[in-house]
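Each ligand, and each atom within it, is numbered from 1 in the order the structure gives.
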Amino acid sequence: MKIPQIKSTFWLSLLVGLFSVNAQAANLTTEQAILTAPPMVPPPISRNHSAKVVVNLETREQVGSLADGVDYVFWSFGETVPGSFIRVRSGDEIEFHLSNHPSSKMPHNIDLHAVTGPGGGAVSSFTAPGHTSTFSFKALNPGLYIYHCATAPVGMHIANGMYGLILVEPEEGLKAVDREYYVVQGDFYTKGEYGEAGLQPFDMAKAIDEDADYVVFNGSVGSTTNEHSLTAKVGETVRLYVGNGGPNLVSSFHVIGEIFDTVYVEGGALQNHNVQTTLIPAGGAAIVEFKVDVPGTFIIVDHSIFRAFNKGALAMLKVEGAEDKSIFSGKQADRVYLPEGSAIQSLNQTNTVVTAKTKKEQIRFGQRVYEANCMACHQANGEGIPSAFPPLAKSDYLNANPLLGVDAIIKGLTGPIKVNNTSYNGVMPAMALNDQDIANVITFVLNNWDNKGGQISAEQVANRRH
Ligand SMILES: [Cu+2]
């Protein structure tokens with residue numbers, strides 16, 4: 001969710017920040033934190049000394065888009081989900097001002113995992129609508145940390161989008177890279193199922209069951225895809241600051257077609273190398289770095305993979321530049337693969353023709369042929385699979401002329417066809433079945449699933465071969 005707009009409170013809070021007096025930090029220089037909306041990250045810290053850093057963050061409750069046509073009332077830090085990225089340096093003193101917008105219905109607070117102190121700041125920052133709370137803390141431990149709202153019911157505030165990342169750079173800084181991005185995963189629970197249009201209320205029962213309707217990066221399905229993709233150029237090193245707001249699910253974070261050169265495990269000091277997938281717990285984070293060597297679109301997923309393709313946990317990194325065929329060739333050939341002695345061929349080669357004498361026998365033998373050769377695509381009940389394999393059940397295509405079914409088996413079938421008013425344009429491979437088996441399987445199909453009945457003989461099949 002992103003509602004781009006320059007906050008009028010920004011300049012006011014800048015002034016407050018510059019002139020606020022804090023005795024214990026009197027000998028430190030004071031600066032205003034630069035905050036960014038996802039997927040952007042504030043610039044690296046260049047100073048070599050500690051400072052007093054003033055952070056002004058505002059909580060809001062507002063309608064945003066969770067998916068195409070699906071709206072949701074997000075609760076946020078800084079008008080985005082995840083909230084604004086905060087970047088400080090180990091040893092800094094952070095003077096934190098949390099403002100709760102007057103339009104809010106709920107009080108909010110903030111628990112920063114980078115804080116050493118009770119509740120991570122939660123109690124000190126508890127803020128009613130239309131109020132601002134101030135507290136200070138010293139960033140003692142470098143690392144990448146989640147922050148989140150911790151107002152009761154905590155799960156609900158987090159489920160509505162109240163989380164973000166704070167980076168505490170080590171004193172020596174992080175090594176320079178070409179690109180830095182900010183990505184946070186979160187799971188959402190709505191009254192309607194995935195994709196159900198309209199304004200969807202939060203579903204507490206599903207949240208308790210951990211039965212997520214949406215698992216997304218940066219607050220919505222498609223937040224970081226197509227024209228909103230992350231970008232890089234061949235040869236550059238990309239660093240992703242990745243968090244997981246939860247509330248419930250842990251992330252199997254993976255970039256398809258890349259290997260992480262370095263992972264700062266769990267966002268801490270431990271560096272692992274050559275990692276395919278890194279686990280990011282709810283309320284946790286990781287820093288991943290990789291050099292992009294070849295161009296293309298790299299898909300970022302939660303490799304708990306149904307979440308990626310069915311619940312929204314999919315983002316894109318588009319890399320531009322010259323191909324390097326020595327690293328990745330692209331497809332070099334596509335030939336027909338017909339291994340000798342495969343099951344299909346041996347059916348043809350050995351002369352085990354089962355002669356069925358009656359229609360009843362044909363149907364019985366035909367069922368075996370169907371189960372061995374057709375069921376994988378057309379399904380056990382003959383209903384096919386929408387937009388992939390047409391139905392043989394009640395098929396107007398087959399019933400109009402069963403010999404076209406015979407043709408499909410002998411020669412294969414491709415190109416657009418219409419079955420029961422639905423268009424298909426797939427590929428059915430030719431099947432190396434003998435005449436009797438083909439006669440049997442078509443007879444079986446014709447006498448099942450509300451088809452019109454009838455019988456096809458081996459002779460009829462033989463005639464179609466010429
Ligand atoms: Cu809250």
Side-chain angles (χ1 to χ4, degrees), residues 1-3 7 9 13 33 35 37-38 55-66 71-86 94 96-115 117-135 137 145-166 182 184-191 199-208 210 212-214 216 218-220 243-249 281-285:
M1 184 211 45
K2 196 180 291 178
I3 297 164
K7 280 171 284 173
T9 52
S13 49
L35 304 181
V55 175
N56 294 284
L57 201 54
E58 182 192 58
T59 57
R60 279 260 198 171
E61 300 161 10
Q62 87 258 63
V63 176
S65 172
L66 179 55
D71 287 338
Y72 191 83
V73 178
F74 291 91
W75 299 355
S76 68
F77 288 105
E79 297 184 54
T80 56
V81 176
S84 309
F85 195 105
I86 306 168
I94 292 93
F96 209 103
H97 302 265
L98 188 71
S99 301
N100 189 357
H101 195 270
S103 66
S104 292
K105 297 190 177 66
M106 301 282 164
H108 298 291
N109 65 9
I110 191 165
D111 167 353
L112 299 118
H113 291 183
V115 167
V123 177
S124 316
S125 62
F126 184 84
T127 309
H131 287 250
T132 298
S133 301
T134 303
F135 69 104
F137 68 95
Y145 299 93
I146 280 278
Y147 66 76
H148 62 88
C149 183
T151 304
V154 178
M156 183 178 180
H157 285 249
I158 295 176
N160 284 339
M162 299 198 79
Y163 43 76
L165 286 177
I166 175 169
Y182 173 27
V184 176
Q185 182 171 322
D187 28 304
F188 286 86
Y189 304 82
T190 52
K191 281 277 181 279
L199 181 64
Q200 290 292 331
F202 168 69
D203 189 316
M204 188 69 165
K206 283 183 183 174
I208 292 169
E210 307 190 9
D213 298 286
Y214 296 84
V216 298
N218 290 357
S220 64
N244 185 359
N248 289 319
L249 304 179

Next on the checklist: Under 2.8 Å from the Cu ion (ligand 1), can any N, O or S atom of Met162 be found?
Outcome noted: yes
Next on the checklist: Applying side chain to side chain contact (heavy atoms under 4.5 Å, CB included) to Asn160 and Phe74, what does each step give before you reach the verdict?
Outcome noted: CA-CA 5 Å; Asn160 284 339; Phe74 291 91; over 6 Å; no
Item to check | Expected output: side-chain Thr127 to main-chain Asn100 donor-acceptor under 3.5 Å | outcome: no
Next on the checklist: Of all the N, O or S atoms in His108, which has the shortest distance to the Cu ion (ligand 1)?
Outcome noted: ND1
Checklist entry - With the Cu ion (ligand 1) as the point of reference, which N/O/S atom of His157 is the closest? => result ND1
Checklist entry - Are His148 and His157 close enough that their ring centres sit under 6.0 Å apart? => result no
Checklist entry - Quick one: are Asn109 and Phe135 in side-chain contact, heavy atoms under 4.5 Å? => result no
